[in-house]
Amino acid sequence: MSGALLLTIAYVLLAVFAVGFVARSVRLARLPVHLRWELAPIPHEKGKGHYGGSYLEEVDWWTKPRERSLAAELRYMLLEIVFLKAVWEHNRRLWWFSFPFHVGLYLLVGTAFLLLAVTAGGLAGLGFAGASALRNATVGIAWAGYAFGGIGAVGLLTARLSDRRLRDFTTPAALFNLVVLLAVFATGLGAVATGDYVGSLTGLLGALATGHAGVTAPAVAAAHMGVGLLFLAYLPFTPMMHFVAKYFTYHEVRWNDTPMIRGSRMEREVERLLAQPVSWAGPHLGADGKKTWVDIATQEVGK
Amino acid sequence: MSGTVLVSDISKHEGEVLSPMRLQELVPLPAPYDRLEDQPAWKELGAAARENLVCNLDGFVATSLPKPKDAAEEQAYVDRFVEGLRKLLEKENNWTFLEPLLLSLEYCVKCQTCNEACPVYMGSGEQDIYRPTYRSEVWRRLVAKYVRPGGKLLSRFTEGPIDLNFTALSRLYELCYRCTLCRRCAQACPIGIDNGLITHELRKVFSQELGWAPRELHEKGTVLQLAVGSSTGMVPQVVKDNIEFIDEDTSEETGLTVESPWDKEGADVLLIHNAGEILAWPENPAAFAIILNAAGIEWTLASDAVGYDGVNYGLFYDDFQLARIALRHVQTAKKLKVRKIVMGECGHQHKALMTIADRVLTGDLRVPRESCLPLLEQIVFSGKIEFDPSKNDFPVTLHDPCNIVRNLGIVEPQRRILRYLCPQFREMTPHGVDNYCCGGGSGFAVMSGNNFTDWRVSIGGRIKFKQILDAFADQPGPEVKKYLCAPCSNCKGQFRDMLQYYGALDRSGITYGGLVELIVNAMVDVKEPYIKWEMH
């Protein structure tokens, strides 16, 4: 296959990732306001969040300023995102694999940024005293990322195939996702082990950035890049996008305890939603596709 | 069928019970409730029920779904259900919960981290059909196959195998009434997937599209409440007469003048009880009256239909019924020009009116609403009432109603009162926002048709009963009287049935009641013990 064709495929895969990622994220962000569905503990409740308390513990709460603790919220998020606290507390067996798997992914995200930085520096002709150390650190972080990720992926695959609790709920797609990721980790490890990892990867990234199709790289590094791009293109269409969804499940649902204020933007949005026609067929609703939500909620019933 | 039950099994073995329950498989209880032969046998379904009702899930019947006449009727229900699933994912029809629902639909990684958080699943001895993920997974597969474009082709790869037929539909409907919506599973989920919400939304499809809902929640619940004023059937004059009788009776017993004001315009507080209290636990509204009067609060009850009953079963199965009732509550408050509505000791009333309805009450419908618990705390520590905590010197533990604690974050006010007024107060393990549901949540406490009471007390409430016994493990015998404080009407309904089922008053000395009863019992001015050590 020609270099130009490979480059074109790479651009397409990156474009699919970018469009898919943005589209799915924007779709979540643009969903209509929903009814309150908060769930304690809500860590931003200052002085109360640590035991699950909320401002509703106050007499005349609507007359008092709402005190929020960003630090407590960040601490909660840090423990959850970095250490997978909920899995540790409720599913310890899986944590031993899920934790290294996620740590591996975090390290590889870091590696990707470092590689981009080195590539950008190289393209700009920048040289600096710590360049060698940076390249060594990149290799170290990448190695750890692939190793942790690989151990986790193998463990998760094993668990999904052998654990009775998981087996019936494991879809072919979930197994496929793990296999693809395992391929990413394995080829990455191969690239680290067999050659100039940073040189090969930054060369390929440079080719992507400049459109220069003549760049060559060891087969394993090229395979790693290829599998990695395939994974990226596929990612936005899978539940693995939960790293984005998690923002919404926590901040927009579990921790969204904002009361509606008269005259607020939220109230205007709700009034718009209440004015939409409804077509539920339940006989007690009397919906006909023309009556609005508010018509049905306010019609005299049973009198 | 028995043994492992797969998600795809829901549509198979037509006419059979999918997963029959057996007493010996349930999680064991502590002594003296550990002998299986001492535990009450489950009620067999009567011949008429077996003949006329669908019973194909676990041997219990909560929903009383009549058997369809023929295959054509079955198919019509299936088609309407698919239509309902579609509407559930539309902005126009379901803006109310679309965002949390789509998040729970599309991002679950099926790790089963939530399983062991579920008291029903754990209490049942980990039966597959009660996994919090089981019904969610059925729904996900149905949406993938029957609603999503190309679903027939792709869903097997993306979600897994499933078929939709009337067997699956009727089992799913019944299964929606095996989850108490306590949301303990949602707390455990690292991603924030909410199986409780999924159950809630499925119940909505059945109600809002097919017109299916348990009679106790719909005809005898929201419909009756909107028609006559209360799901108890009490019309305004009957409520007033009952409260007057309670006031007189309590005045006689306590020596205090107990008087409940009605329809006082401009009052500071409109107190709305769960009207079930008036009939089943009259000492509760009486205790409120004693406390509020003693503290000098300007308060009132309302005699407008619906305005005297805080019940709102719409919360459990139908957004429109919820909104209709919440509107009536707020309209009553506006008519009386009160400063705020205060919820009585009723968990789902708290959640329905304080948070869920919050975003449908626009414009001048925004009447401030608060829980009775902070108000009671303020009163207890205000110095306006003299207390003698030694009058409450018996073991007391606290049940945290899910709708007040886990869902609203009202955790400490009730505890500060109990620590002050009850020298032998002890916590359950776990407690606060990590509590276990009583097993009567999401409307179960009022659902007693067929043999469902047996399910909710022996399976749904099993972990809670174990927890209560553990809390009193230092004094297990009946010679020491113990008080289970449950500031929620529905929880009390469940505890009444549960403690009676096991004979726990006679065997362990455990009775139950609200928080206000303990407060009044500790009042110096109340000469006779207010708490009666009897099952009521």
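Throughout, a chain's letter reflects where its sequence line sits, starting with A, and its residues are numbered from 1.
Side-chain N or O atoms of B:Lys87 include one that pairs as donor or acceptor with a backbone N or O of A:Ser279 at under 3.5 Å. No donor-acceptor pair closer than 3.5 Å links the side chain of A:Glu58 to the backbone N or O of B:Pro374. B:Arg359 contributes no side-chain N or O that, together with a main-chain N or O of A:Val270, makes up a donor-acceptor pair within less than 3.5 Å. No donor-acceptor pair closer than 3.5 Å links the side chain of B:Asn407 to the backbone N or O of A:Ala40. A donor-acceptor pair under 3.5 Å is formed between the side chain of B:Arg183 and the backbone N or O of A:Glu38. The closest donor-acceptor contact from the side chain of B:Gln208 to the backbone of A:Trp280 lies at 3.5 Å or more, if one exists at all. The main-chain N or O of B:Glu412 is found under 3.5 Å from a side-chain atom of A:Glu57 such that the two form a donor-acceptor pair. Between the side chain of B:Glu370 and the main chain of A:Val59, no donor-acceptor pair closer than 3.5 Å is present.
The local environment of NZ in B:Lys340 is crowded, with over 12 non-hydrogen atoms from other residues, nucleotides or ligands closer than 6.0 Å. Within a 6.0 Å sphere centred on CZ of A:Arg265, heavy atoms belonging to other residues, nucleotides or ligands number 12 at most.
Rounded to the nearest 0.5 Å, atoms CD (B:Gln331) and OG1 (A:Thr298) are 8.5 Å apart. Taken to the nearest 0.5 Å, the CE atom of A:Met266 stands 8.0 Å off from the CG atom of B:Asp358. Going from atom CG of A:Leu56 over to atom OG1 of B:Thr355 covers 7.5 Å, rounded to the nearest 0.5 Å. Atom OG1 of B:Thr133 sits about 10.0 Å away from atom CZ of A:Arg165, to the nearest 0.5 Å. Separation of atoms CD1 (B:Ile356) and CZ (A:Arg36) is listed at 8.5 Å; rounding is to 0.5 Å. For the atom pair CD1 of B:Ile410 and OG of A:Ser54, the computed distance is 6.0 Å after rounding to the nearest 0.5 Å.
Both the backbone and the side chain of A:Asp60 come within contact range of chain B, judged by heavy atoms closer than 4.5 Å. For a residue to count as touching a neighbouring chain, one of its non-hydrogen atoms must lie under 4.5 Å from one of that chain's; by this rule B:Val342 does not touch chain A. For chain A, the nearby parts of B:Lys91 are the backbone and the side chain; heavy atoms of each come within less than 4.5 Å. Neither the backbone nor the side chain of B:His350 comes within contact range of chain A; no heavy atom of the residue lies under 4.5 Å from a heavy atom of that chain. For A:Phe176, the part lying under 4.5 angstrom from a heavy atom of chain B is the side chain only. Only the side chain of A:Val253 comes within less than 4.5 Å of a heavy atom in chain B; its backbone stays farther off. Of the atoms belonging to A:Leu273, heavy atoms from both backbone and side chain fall under 4.5 Å from chain B. Contacts between A:Tyr250 and chain B at a heavy-atom distance below 4.5 Å involve the side chain alone, from C-beta outward. Residue A:Ile81: no heavy atom, backbone or side chain, is found under 4.5 Å from chain B. Only the side chain of A:Leu94 comes within contact range of chain B, with at least one heavy atom under 4.5 Å from a heavy atom of that chain. Heavy atoms of A:Arg160 lying under 4.5 Å from chain B belong exclusively to its side chain. Contacts between B:Cys114 and chain A at a heavy-atom distance below 4.5 Å are absent for every atom of the residue. Neither the backbone nor the side chain of A:Val244 comes within less than 4.5 Å of any heavy atom of chain B. For B:Leu88, the parts lying under 4.5 angstrom from a heavy atom of chain A are both the backbone and the side chain. Interface residue A:Ala245: backbone and side-chain heavy atoms are both found under 4.5 Å from chain B. Contacts of B:Glu99 with chain A are made by both backbone and side-chain atoms, with heavy-atom separations under 4.5 Å.
Under 4.0 Å is where a charged nitrogen must lie from a carboxylate oxygen, and between B:Asp364 and A:Arg262 no such pair does. Between B:Arg131 and A:Asp168 no salt bridge is recorded (no basic side-chain N to carboxylate O distance below 4.0 Å). We find that A:Arg93 and B:Glu116 are joined by a salt bridge, their nearest charged nitrogen and carboxylate oxygen being less than 4.0 Å apart.
Highest contact tally toward chain B, considering only A:Val278, A:Asn91, A:Leu39, A:Thr249, is held by A:Leu39 [criterion: heavy-atom pairs under 4.5 Å]. The residue among A:Trp95, A:Phe243, A:Phe248, A:Tyr55 with the most heavy atom pairs within less than 4.5 Å of chain B is A:Phe248. Your options are B:Arg140, B:Lys351, B:Glu377, and the one with the most heavy-atom pairs under 4.5 Å with chain A is B:Lys351. When each of A:Glu271, A:Met241, A:Arg164 is scored by its heavy-atom pairs under 4.5 Å with chain B, the top score falls to A:Arg164. Of the listed residues B:Asp319, B:Val360, B:Leu197, the one with more heavy-atom pairs under 4.5 angstrom with chain A than any other is B:Leu197. Counting heavy-atom pairs closer than 4.5 Å to chain B, the top-ranked of the candidates A:Ala86, A:Pro277, A:Ala173 is A:Ala173. The candidate with the highest count of non-hydrogen atom pairs below 4.5 Å against chain A, out of B:Gly363, B:Gly432, B:Gly160, is B:Gly363. Contact tally against chain B (heavy-atom pairs below 4.5 Å) for A:Gln276, A:Met260, A:Glu252, A:Glu45: the top residue is A:Met260. Ranking B:Ile193, B:Asp318, B:Leu210, B:Leu224 against chain A, the residue ahead of the rest is B:Asp318, based on heavy-atom pairs under 4.5 Å. Among A:Gly49, A:Gly52, A:Pro259, the residue making the largest number of heavy-atom pairs under 4.5 Å with chain B is A:Gly52. In terms of non-hydrogen atom pairs under 4.5 Å with chain A, the most contact-rich of B:Leu322, B:Val205, B:Leu373, B:Val109 is B:Val109. Contact tally against chain A (heavy-atom pairs below 4.5 Å) for B:Ala117, B:Cys108, B:Ala186: the top residue is B:Ala186.
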Next on the checklist: Working note: A:His34 + B:Trp95, criterion side-chain contact (heavy atoms from CB on, under 4.5 Å); need CA distance, chi angles, decisive distance, verdict.
Outcome noted: CA-CA 6 Å; A:His34 54 85; B:Trp95 65 269; 5.9 Å; no
Item to check | Residue pair B:Thr362, A:Arg268: steps toward the side-chain contact (heavy atoms from CB on, under 4.5 Å) verdict | outcome: CA-CA 9 Å; B:Thr362 57; A:Arg268 288 194 296 277; over 6 Å; no
Next on the checklist: Test side-chain contact (heavy atoms from CB on, under 4.5 Å) on B:Asn93 and A:Trp293; report intermediate values, then the result.
Outcome noted: CA-CA 8 Å; B:Asn93 278 307; A:Trp293 210 99; over 6 Å; no
Next on the checklist: With side-chain contact (heavy atoms from CB on, under 4.5 Å) as the criterion, how do B:Thr158 and A:Thr171 come out once you've worked through the C-alpha distance, each side chain's angles and the decisive distance to 0.1 Å?
Outcome noted: CA-CA 6 Å; B:Thr158 57; A:Thr171 61; over 6 Å; no
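For B:Asn115 and A:His90, the side-chain atoms include no donor-acceptor pair closer than 3.5 Å.
B:Phe97 pairs by the ring-ring contact (aromatic ring centres under 6.0 Å, His included) definition with A:Trp37, B:His200, not counting sequence neighbours. A:Arg27 meets the salt bridge (Lys or Arg N to Asp or Glu O under 4.0 Å) test with B:Glu106; sequence neighbours excluded.
In this structure, A:Glu80 and B:Pro190 have side chains that are in contact, with non-hydrogen atoms separated by less than 4.5 Å.
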